[in-house]
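Notes follow the structure.
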Amino acid sequence: MAPIVLEGESLTQRFGGLVAMAEVDFHLKRGEILGIIGPNGAGKSTLLNIISGIYVPSSGEVRLEGRRINGVAPHQIVKRGIARTFQSSRLFGDLSVLDNVIIGRHIHTRSGVLDAIFRRRRAEAELAEAAAHAEGLLKAVSRGLYDQRHRAAAELPQADRRRLEIARALASDPKVLLLDEPSSGMDDADTDALMDDIRAVCAARPDLSLMIIEHDMRLVAALPHRVIVLDYGQKLADGPFEEVRLIPRVQEAYLGRRGASHAQG
Amino acid sequence: MAHASAPPPARPLGGLLIVALVEIVGAAALREFLLAEDWRWVLVLLAAFGAVLVALERRPALEARIAEAFARHRRAATLLGIAIALVFPFVLEKSSYALHLCVIAQLYAVLALALNFQLGSANIPNFATGASYGIGAYASALLALNFEVSFWLALPAAAVVATIFGFLLGLPSMRTKDSYLALVTIAFGVVIHQLLNNLEVTGGPNGLVGIPAPELFGHSFASPLAVLGYELPSQANFYYLSAVLVLIAIVFAGRLHDSRVGLAWNALRADELAARCQGINTTWYKVLAFAVDAFLAGFAGTVYAFYVGFISPDNFTFLVSVTIMTMVIAGGMDNILGVIVGAVLLTLLPEKLRAFSDYRILFFGVTVIAFLMIRPQGIFPQRLRRYGG
């Protein structure tokens, strides 16, 4: 049984009077792929934002390998080993594909202003090493992306932008990778290719744990080992997708009460 | 490191020729512009420059060819550029006015490069570069007048003082963003201006008078510069001094741009939230941009104070900051060459348009807008970094 890497305990997030998340518990084991599903506004992105430090939960606790991380700044959380992508891809559009991944190596490089000016050789060598690492990573994630490494990121087609976001997040060598709707805006063929890429990434990193927010049920059925269902900021279910999809409350959340009774026949 | 497909080995001379031609024609055009007395000749030169920009915009291949030649022959281009800068005062017909314009243009180039770290690299709208310039000028002048500190010691000291103020401005600014951040920097500029105007140590509105000219190996910068029997006006001393300063600023800017710090600033500019999620401490990098900006501006301020020998608060108003900002935007954000060209052009334009007397500023604005319509991203826009290629 793999040890737990990341866990949340009774996480609650209030925005003024609005409760975006109420008493949610979750855990993620090493090497596991966990799917987060639920209708729009269920609190999926809120959960990701709490874990990556963008939101500080109103109460509850997030622990990475037993160490509490809520209240830690986002850039420190990356250092602790959690990387993420965004639902609306947030690439550095006016920089090259390669530069995007090099920036992902930020926490593994050291040079500051004085190094850059007065110890140029060292700073350059460090950056060259980061560039070499980034190229290897791009090659591993997608050959097509590697061939476009000198293009501006904004010029990439949608599917490649998603891949680049994943490559950039992987550049920090995370223990946990959070993917926020990686397949949004993709057709079936692109989604299939994306699933293959994610499988390849996981195969190359058996210790990497993944949390994926997803709407595409094909992906949810095929990729995650386990899923969590959220609705109105609460956890409805937790388990393998084949079991979870049969639970009436889950069907209600997705299809509405009448739809669910139809589905159950 | 990536080695992009090997460039065609042919035409090495062609590349050198392009580099030499561009630099010499550029310098010759600048000389003509500096010495032009007739407003019609000024307009012809401006039109020619505009035509070159139109050609570059219409034929990207032309621009790519020139950029490639410069990239391949970097060393030759640098050496020729330095040689031209060294010889330039000798072709100005001993005009002290033209040399004076060169000194001011070079100081503005340093200031624009300083602001470029913020505005160009990190997209921080800082309207306080003029204030940092003033802090540098006053700090060095006060050191010289009260403690008889020599120029060469006052120079780094003033830069350090300006940097400390840069940090002081940077820290509270971090609580704000975008337009609000701009407001904080405007307020800082106004506060500095008011302090200089009202404090007794700074001489109030009268400013500081009698700042001694620097000396180097017994040669006073106030006396004419004689080289091999050819005598240049005293402004030439400061021409060379500010040229060295521009060189330092270019080295700083280039090294920072091609470093991890430059990348982090660019990440900040593109998407701050995404930058934080790559492990970049955005607050620290913003404060750093303020400090680097203030450091270089402090340098420029010191040279200015010792050059004119008399400074008052009105030399460092809000308008100076706006002018510097225009130089960066019109020249090309995050492009070192573009920023320098912007600074030189915008320093010389109002001087050369004096024939239009009352309509001078109007014409100045029209010219800047025209250039921006031809090249919406600035005269020389930002370029993607290349590795190995």
Side-chain angles (χ1 to χ4, degrees), chain A residues 52-54 73-80 82-86 89-100 102-118 120 123-124 126-132 134-135 146 149-154 165 168-169 171-172 178, chain B residues 1-5 117 120-123 163 248-285 287-293 295-296 333-334 377 381-389:
Chain A
S52 52
I54 295 170
H75 68 270
Q76 296 286 356
I77 285 185
V78 183
K79 273 189 197 156
R80 303 261 181 104
I82 300 181
R84 69 167 292 173
T85 67
F86 294 89
S89 80
R90 306 186 76 140
L91 293 168
F92 306 124
D94 55 358
L95 300 180
S96 72
V97 169
L98 187 59
D99 276 343
N100 269 271
I102 294 176
I103 291 170
R105 292 291 292 168
H106 186 83
I107 59 165
H108 294 288
T109 46
R110 291 276 158 270
S111 309
V113 167
L114 296 180
D115 298 309
I117 293 171
F118 299 110
R120 183 163 68 127
E124 270 182 349
E126 189 186 66
L127 202 61
E129 203 187 306
E135 290 194 325
Y146 173 76
R149 65 190 181 282
H150 293 307
R151 283 178 75 186
E165 270 219 89
R168 184 179 69 177
S172 65
L178 314 172
Chain B
M1 192 66 103
H3 279 280
S5 56
F117 288 119
S121 301
N123 196 21
T163 310
I248 291 174
I250 291 174
V251 170
F252 272 34
R255 290 187 173 186
L256 283 173
H257 177 265
D258 293 337
S259 78
R260 172 175 177 265
V261 181
L263 277 171
W265 278 334
N266 283 174
L268 202 73
R269 174 184 69 193
D271 190 326
E272 189 173 337
L273 182 65
R276 276 160 72 201
C277 288
Q278 308 310 316
I280 295 170
N281 183 348
T282 49
T283 310
W284 170 246
Y285 276 91
V287 175
L288 216 50
F290 271 98
V292 176
D293 167 70
F295 182 80
L296 279 180
M333 300 236 247
D334 213 15
Q377 302 293 313
Q382 160 208 1
R383 308 177 63 85
L384 285 182
R385 290 176 179 76
R386 291 298 306 230
Y387 294 88

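Nothing here was measured: the structure is a model prediction, and the numbers come from that model.
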- Among the options B:A264, B:G262, B:C277, pick out the one with the most heavy-atom pairs lying under 4.5 Å from chain A. B:C277
- Message: Tell me whether A:R149 contacts the main-chain N or O of A:Y146 through its side chain, where contact means a donor paired with an acceptor under 3.5 Å.
- Response: yes
- Contacting region of A:A123 [heavy-atom separation from chain B under 4.5 Å]: neither
- Structural part of B:V251 lying under 4.5 Å from a heavy atom of chain A: neither
- Query: Can a salt bridge be assigned to the pair B:R269 and A:D94 using a cut-off of 4.0 Å between side-chain N and carboxylate O?
  - Reply: yes
- Message: Between B:S259 (side chain only) and B:V261 (backbone N and O only), is there a donor and an acceptor less than 3.5 Å apart?
- Response: yes
- Using a cut-off of under 4.5 Å on heavy-atom pairs, state which of B:A291, B:A267, B:G254 scores highest against chain A. B:A267
- Query: Are B:Y285 and A:H106 near enough that their ring centres are under 6.0 Å apart?
  - Reply: yes
- Query: Atom CZ in A:F86, atom OG in A:S52: separation rounded to 0.5 Å?
  - Reply: 6.5 Å
- Message: Can you confirm whether the side chains of B:N266 and B:D334 place a donor and an acceptor under 3.5 Å from each other?
- Response: yes
- Engaged part of A:S172 at the chain B interface, taking heavy atoms whose separation is under 4.5 Å: neither
- Note: A:R110-A:E126 ion pair, threshold 4.0 Å (strictly below): no
- Message: I'd like to verify something: which residue of B:T282, B:N281, B:D258 has the highest number of heavy-atom pairs under 4.5 Å with chain A?
- Response: B:N281
- Query: Among B:R255, B:Q382, B:R276, which has the most heavy-atom pairs under 4.5 Å with chain A?
  - Reply: B:R255
- Message: What part of B:L288 gets within 4.5 angstrom of chain A, counting heavy atoms only: side chain, backbone, both, or neither?
- Response: side chain
- Query: Which atoms of A:R168 come close to chain B, meaning under 4.5 Å heavy atom to heavy atom: side chain ones, backbone ones, both, or neither?
  - Reply: both
- Which portion of A:Q76 sits near chain B, non-hydrogen atoms under 4.5 angstrom: neither
- Query: So which of A:I107, A:V113, A:I54 has the largest heavy-atom pair count under 4.5 angstrom toward chain B?
  - Reply: A:V113
- Task: For the pair B:F252 and A:F118, name the ring-plane relationship: parallel under 30°, tilted 30 to 60°, perpendicular over 60°.
- Result: perpendicular
